[in-house]
Every structure is written in structure tokens, then in C-alpha cells.
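Working notes, beginning with the structure itself.
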Amino acid sequence: MHELLDFYHAVEHLGKVAGLRKNWSARKRKAWISKQRRFLLKGESETVVQAVQALCRGRNSKAIRTERDYFVRNRSRLAFPTVKALNLPIGSGAIESSIRRVVNLRLKGPCIFWYKENAEKMLMLRSYYKSGRWNCLKQMANSHISLLAA
């Protein structure tokens, strides 16, 4: 399992930092964001934290520190090169789309009502079936340990 921040949300936080620099031109803000964005994609989150830290001065320093703390707090969730190397998405769009399609269109609908625990069970069953792991689920259900638990 890989925990990862949405790359595009992380870039939004960079935009907030650049926006707090009132003395920068729009061009300088855009250049700074692009540079930090490349560092994030390369997995150099420490460089990004240092760049944000360097801006923590002046009247907006508290707000900039808040954004810096976001990157520090989520340092372990900024492994974008690792996840990209596994051909996994670095944005949450695919997940959000899946939730819409699987949950909202399959489990919600006119005259369809579920208890929470039953909906979760149906989602699990559907995920095993759609991922081609149905036989694995059947083996677990028929294993000696699960029979003893019943």
C-alpha cells in the first residue's frame, strides 16, 4: 500500500505560498511554482520545504509557515517518483471517478437502500470480482480457519 498526497493539491499549496509573496510579479510566482513542482516530481520534498522556509519572513510569515508545515507533516506522502514508477496515478481524479462510478452509480439509485455494513460488504465483493480475485475470496471463505470461526 502506498499513501500519497494528491500531486495537484500539493501544487495548490505551492500556489498559496507564492500568492502570499505580495512583492513578486505574476511571472516570478509562476516560475517559483514550476521550479518547486519539478522538485516534488523528482521526490525532492526536502528542497521544497527549505524553499518555503526561506520565504517565512515578513507579515505573511505565519501563513507561509502553515503551508510549510503541510509539506513537513506529509513528507512521507510525497513519494511521487516511486508511485509513478509503479504506473499508479499521482492525482486523486481516478479514485474520485471510481467512487462516483462504483459507489454512486451502483449502490445508490432510486429505490435502493443499504445498511452501511451491507453496502461495505457488497463493495468488497464487487472489488474482488472486478479485479479477477474471486477465486482467492472463495479460497479464504472455505479455508480451515474461517470454518472454525463460524
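These numbers come from the heavy atoms of this one structure, side chains and all, not from hydrogens, waters or symmetry mates.
Under a cut-off of 6.0 angstrom, the local environment of CZ in Arg73 is crowded, with over 12 non-hydrogen atoms contributed by other residues, nucleotides or ligands.
Counting only distance, with no hydrogens or angles, the side chain of Asp6 and the backbone of Gly91 share no donor-acceptor pair below 3.5 Å. With Arg21 contributing its side chain and Asn60 its backbone, the two residues share no donor-acceptor pair below 3.5 Å. Asn74 places a side-chain N or O within 3.5 Å of a backbone atom of Tyr70 that can act as its donor or acceptor partner. With hydrogens and angles ignored, the 3.5 Å screen pairs no side-chain donor or acceptor of Arg77 with any backbone N or O of Leu5.
Residues satisfying the side-chain contact (heavy atoms from CB on, under 4.5 Å) test with Leu137, not counting sequence neighbours, are Met124, Leu125, Tyr128, Trp134, Met140. Residues satisfying the salt bridge (Lys or Arg N to Asp or Glu O under 4.0 Å) test with Arg38, not counting sequence neighbours, are none.
Contact annotation: the side chain of Leu40 never approaches that of Glu44 to less than 4.5 Å [non-hydrogen atoms, C-beta and beyond]. Using a 4.5 Å heavy-atom cutoff, the side chains of Trp114 and Glu120 are not in contact. Leu14 has its side chain within reach of Val48: a pair of non-hydrogen atoms, C-beta onward, lies under 4.5 Å apart. Put simply, the side chain of Tyr8 reaches to within 4.5 Å of the side chain of Arg37, judged on heavy atoms.
Rounding to the nearest 0.5 angstrom, the gap separating the CZ atom in Arg29 from the OG atom in Ser34 is 14.0 Å. Separation of atoms CD1 (Ile33) and CD (Gln36) is listed at 9.5 Å; rounding is to 0.5 Å.
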